[in-house]
Amino acid sequence: MFEHLIALFRNHGDPAYTTPLPQADARHAMGALMVRAAKADQTYLFEEINMIDKVLAERNGLNPVEAAQMRAACENLEREMPATEAIASILKDAISADEKEATLLALWRVVFADGVKHEQEDLVLHQIEDVLGVAADRAKQLQMQSMQ
């Protein structure tokens, strides 16, 4: 145990040390998409981070610490996956139509968490809607529902 702790501190200052990426499964892909959507306006605010943690906790049965740890892993995945389409395509075949809609609803909740509507966030979410195959009229309904 002590060797593991010592190795952790030894690697902390090493710029070549990186934490491993999480498995690119549907749960982490959704989290990475929430991070990507929150950062679309070139900011990553506390309200958005808090909403991501809340959604991860609700959807995955996690406590607040576990949700924050999962978000951190999703942030790593988001940084390493350059194309939003690549992240969304993980979900496309892995989740049901109902889950796709629930994912979009969660994404809209995240981008509206800061109380400001940004064009960049809209563009990212519409891109995700297209990849997931959610019809534009249904996506608009989900967007309106997330603002209530």
Side-chain angles (χ1 to χ4, degrees), residues 8-9 11-148:
L8 181 66
F9 286 116
N11 288 331
H12 184 359
D14 182 2
Y17 176 76
T18 58
T19 57
L21 285 178
Q23 182 177 352
D25 59 11
R27 292 175 52 218
H28 287 93
M30 185 203 158
L33 284 174
M34 288 191 292
V35 171
R36 175 76 46 96
K39 290 180 174 182
D41 62 354
Q42 308 306 312
T43 62
Y44 192 41
L45 301 174
F46 170 78
E47 295 86 356
E48 294 165 323
I49 294 168
N50 190 43
M51 181 59 72
I52 292 169
D53 287 355
K54 182 178 178 179
V55 170
L56 290 173
E58 289 170 0
R59 292 184 58 128
N60 297 294
L62 304 174
N63 67 41
V65 172
E66 293 167 333
Q69 289 171 335
M70 184 174 182
R71 176 188 31 84
C74 293
E75 289 168 345
N76 280 340
L77 184 61
E78 184 273 335
R79 261 191 309 275
E80 295 299 320
M81 293 194 79
T84 300
E85 294 91 349
I87 303 170
S89 66
I90 295 169
L91 293 174
K92 183 178 180 179
D93 296 324
I95 61 176
S96 68
D98 288 343
E99 271 301 301
K100 289 174 185 174
E101 290 185 4
T103 296
L104 283 176
L105 184 60
L107 288 165
W108 282 114
R109 286 174 59 200
V110 169
V111 299
F112 290 143
D114 63 1
V116 181
K117 185 175 179 177
H118 296 279
E119 184 178 335
Q120 302 93 332
E121 292 171 334
D122 278 354
L123 292 172
V124 169
L125 263 2
H126 294 312
Q127 188 179 27
I128 294 167
E129 292 164 5
D130 289 342
V131 173
L132 295 180
V134 176
D137 59 331
R138 181 61 182 143
K140 188 67 173 172
Q141 290 172 347
L142 293 168
Q143 180 183 6
M144 293 298 125
Q145 184 180 343
S146 70
M147 290 192 279
Q148 297 173 354

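The residues of the chain are indexed from 1 along the displayed sequence.
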(request) State, to 0.1 Å, how close Ala40 and Val124 come at their nearest heavy-atom pair, and which atoms those are. (result) CB-CG2, 3.6 Å

(message) I need the Leu56 CG to Arg27 CZ distance, nearest 0.5 Å.
(response) 8.5 Å

(request) Supply the atom-to-atom distance Asn60 CG to Met70 CE, rounded to the nearest 0.5 angstrom. (result) 4.5 Å

(request) Would you mind reporting whether Glu129 and His126 have side-chain heavy atoms less than 4.5 Å apart? (result) yes

(message) Check whether Arg109 reaches the backbone of Val55 with its side chain - one donor and one acceptor, N or O, closer than 3.5 Å.
(response) no

(message) When you compare the side chain of Met81 with that of Leu77, does any pair of heavy atoms fall below 4.5 Å?
(response) yes

(message) So Phe112 and Gln143, do their side chains get closer than 4.5 Å, heavy atoms only?
(response) yes

(request) Of all the heavy-atom pairs spanning Ala26 and Leu91, show the shortest one and how long it is. (result) O-CD2, 3.2 Å

(message) Does atom NZ (Lys39) have a neighbourhood of more than 12 heavy atoms from anything else shown, all under 6.0 Å?
(response) yes

(request) Check Gln127 against Thr84 and note the closest heavy-atom contact, atom names and distance. (result) OE1-CB, 3.6 Å

(message) I need the Ile87 CD1 to Glu78 CD distance, nearest 0.5 Å.
(response) 6.0 Å

(request) Could you tell me the separation between the CG atom of Leu125 and the NE2 atom of His118, rounded to the nearest 0.5 Å? (result) 12.5 Å

(message) Using every non-hydrogen atom in the two residues, find where Val111 and Ala38 come nearest and quote the distance to one decimal.
(response) CG1-N, 4.4 Å

(message) For a 4.5 angstrom cut-off between non-hydrogen side-chain atoms, does Asp41 reach Asp114?
(response) yes

(message) Looking at every non-hydrogen atom in both residues, tell me the closest pair between Val65 and Asn63 and how far apart they are.
(response) N-OD1, 3.0 Å

(request) Would you indicate whether the side-chain heavy atoms of Thr103 and Lys100 approach each other to under 4.5 Å? (result) no

(request) Classify the side-chain pair Ser96/Asp98 by whether it contains a donor and acceptor separated by less than 3.5 Å. (result) no

(request) Check whether any side-chain heavy atom of Trp108 lies under 4.5 Å from a side-chain heavy atom of Asp122, and answer yes or no. (result) yes

(request) Starting at CD of Gln42, measure out to CD of Gln120 and round the result to the nearest 0.5 Å. (result) 7.0 Å

(request) Considering non-hydrogen atoms only, spot the tightest contact between Ala37 and Leu107 and give its length. (result) CB-CD2, 4.2 Å

(message) When you measure from the side chain of Arg59 to the backbone of Ala106, do you find a donor-acceptor pair of N or O atoms at a distance under 3.5 Å?
(response) no

(request) Give a yes or no on whether the backbone of Phe46 and the side-chain of Asn50 come within a donor-acceptor separation of less than 3.5 Å. (result) no

(request) Kindly write out the residues that satisfy side chain to side chain contact (heavy atoms under 4.5 Å, CB included) with Ala68, not counting sequence neighbours, or none if the list is empty. (result) Asp53, Arg71

(message) Could you check whether any side-chain heavy atom of Asp25 comes within less than 4.5 Å of a side-chain heavy atom of Ile90, counting everything from C-beta outward?
(response) no

(message) If you define the side chain from C-beta out and look only at heavy atoms, does anything of Gln145 sit under 4.5 Å from Leu142?
(response) yes

